[in-house]
Amino acid sequence: MYVEIKMRSTSHVWTYPAKLPILHLSNMKQVVKSAAIVLTLLSLSGVATAASFGFNVLVRAGLNTTGDWEVGMGLNSSGVPTVQAQMSPYFLDGSPQRFEIGYTAGTGTAYTRIFSGAAPSSTMTVNLSYSVPGATILAPSDYWTLPASSFYTSASVRPVPTSVSVQGMVITGNQVLNPLSLTASSNGITATNQNQSAPILFQAQANGDWQLSGNLTMTGLSAYTSSGAQRSQLQFGLTAQADPTPEPGTFALMGGTLGLILVGLRVKRKANC
């Protein structure tokens, strides 16, 4: 009886070897231990998979005064952004404003832009850039992921109705996804928040760049309504994660080394019979 081992990436399947003897359970511990050593050596030698990298963005109500921020990128676990910007002029109340969030591969830089109106020709009021730590050059087959749990809108309960809505979101790259929308609101008594229902996977353009665009609308802001929302009481946030795939040479080396381990175990087993 034989078993076939397949190693898969996003665009290729490597199979090695074509046929191998099925292992007895008594040999499995040795295989696992040997494989762990192989992976460690590959990592130290620099031929292992490139590390993932990514960035996060938070757009929030903030304050219509100096001393606070409305757009932040590279937020740490305490919610403090590495870079931040104020809306100047401040958000409209109840009117859509175009936003663009994207990544420029040539410089390893992410950006967030917000405009004064819904049209792409509107005046840009925020243009925030962020150098992504650990950014590497991706292969055309590599994917970006927008995790569902960190792609959301949220609203806090206020004495007056408030809401934050993102509509008509489209990702441009090698493929254009269906428009997406998220809305969070408070009716003055309870709040309803919304996350993306599932992770979104997509590939960038041939040059590695991509952009998410749509319209952002906030209502019930304290700058226009007494006891309305401010700071983090209305939010739109997302995280974008790049997942480089292993190079084919890495899989070939891993497959060859593991194959030698399995052959060695087979020889050892025959010698002990």
Side-chain angles (χ1 to χ4, degrees), residues 9-11 50 52-60 70-75 83 85 87 91-92 95-153 164-184 194-218 235-245:
S9 78
T10 56
S11 58
S52 297
F53 63 92
F55 64 93
N56 55 26
V57 178
L58 183 65
V59 181
R60 63 180 199 150
E70 284 74 61
V71 183
M73 302 184 72
L75 287 81
V83 294
M87 287 289 295
F91 289 113
L92 302 174
S95 296
Q97 294 179 253
R98 179 178 173 83
F99 71 87
E100 298 173 351
I101 297 171
Y103 178 74
T104 304
T107 57
T109 303
Y111 60 85
T112 301
R113 302 166 182 159
I114 299 181
F115 297 75
S116 60
S121 58
S122 302
T123 302
M124 189 183 301
T125 58
V126 167
N127 186 7
L128 184 63
S129 297
Y130 172 60
S131 296
V132 180
T136 59
I137 301 298
L138 302 178
S141 59
D142 292 334
Y143 279 83
W144 283 82
T145 304
L146 304 180
S149 60
S150 54
F151 190 6
Y152 66 94
T153 52
V164 54
S165 176
V166 282
Q167 300 288 334
M169 290 188 287
V170 175
I171 298 174
T172 56
N174 283 346
Q175 62 271 63
V176 179
L177 303 185
N178 291 328
L180 307 168
S181 63
L182 295 170
T183 300
Q194 186 176 9
N195 283 66
Q196 177 60 27
S197 59
I200 297 173
L201 276 70
F202 65 94
Q203 290 177 306
Q205 300 175 98
N207 62 0
D209 296 354
W210 61 266
Q211 179 176 279
L212 167 71
S213 62
N215 288 326
L216 168 71
T217 306
M218 293 196 183
Q235 297 187 135
F236 162 49
L238 67 81
T239 295
Q241 188 74 29
D243 297 306
T245 56

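All values derive from a computational prediction rather than experimental measurement.
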Atom [atom1] in [X], atom [atom2] in [Y]: separation rounded to 0.5 Å?
X	Y	atom1	atom2	answer
N195	L182	CG	CG	7.5 Å
L212	L146	CG	CG	7.0 Å
S181	Q194	OG	CD	6.5 Å
S150	L75	OG	CG	11.5 Å
Y111	L128	OH	CG	12.5 Å
L216	S95	CG	OG	11.5 Å

Indicate yes or no: at least one non-hydrogen side-chain atom of [X] is less than 4.5 angstrom from one of [Y].
X	Y	answer
V166	N215	no
I114	R98	no
E70	V126	no
Q241	S52	yes
W144	Y103	yes
D142	D243	no
F151	M169	yes
M218	F236	no

Residue list, side chain to side chain donor-acceptor pair (under 3.5 Å) with S165, at least two apart or on another chain: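 In terms of side chain to side chain donor-acceptor pair (under 3.5 Å), with neighbours along the sequence ignored, S165 is linked to Q167, T183.
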**Report entry** With T109 via side chain to side chain donor-acceptor pair (under 3.5 Å) - residues at least two apart
**Finding:**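 Once residues adjacent in sequence are excluded, the partners of T109 under the side chain to side chain donor-acceptor pair (under 3.5 Å) criterion are T107.
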Taking only residues two or more places apart in sequence or in another chain, which ones pass side chain to side chain contact (heavy atoms under 4.5 Å, CB included) with [X]?
X	result
Q235	L58, R60, Y152, S154, S232
P199	T145, A148, L201
A184	T153, A155, V164, N193

Least distance between heavy atoms, [X] atom then [Y] atom:
X	Y	value
I101	W210	O-CZ3, 3.6 Å
S122	F115	O-CD2, 3.2 Å
T172	Q205	O-CG, 4.5 Å
L138	A242	CD1-CB, 4.0 Å
A105	D209	N-OD1, 2.8 Å

Quiz prompt | Stepwise side chain to side chain contact (heavy atoms under 4.5 Å, CB included) check, T217 with L92 | solution = CA-CA 8 Å; T217 306; L92 302 174; over 6 Å; no
Has the side chain of T239 got a donor or acceptor atom that lies under 3.5 Å from a matching backbone atom of N56?
->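 Checked: no pair found.
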- [ ] Verify, without hydrogens or angle tests, whether Q196 (side chain) and P147 (backbone) share a donor-acceptor contact under 3.5 angstrom.
- [x]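 Here the side-chain-to-backbone pair does not exist.
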Note to self: I need the full list of salt bridge (Lys or Arg N to Asp or Glu O under 4.0 Å) pairs touching residues 112-131, with sequence neighbours left out, sorted by first then second residue.
What the structure shows: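 Sorted result for residues 112-131: E100-R113.
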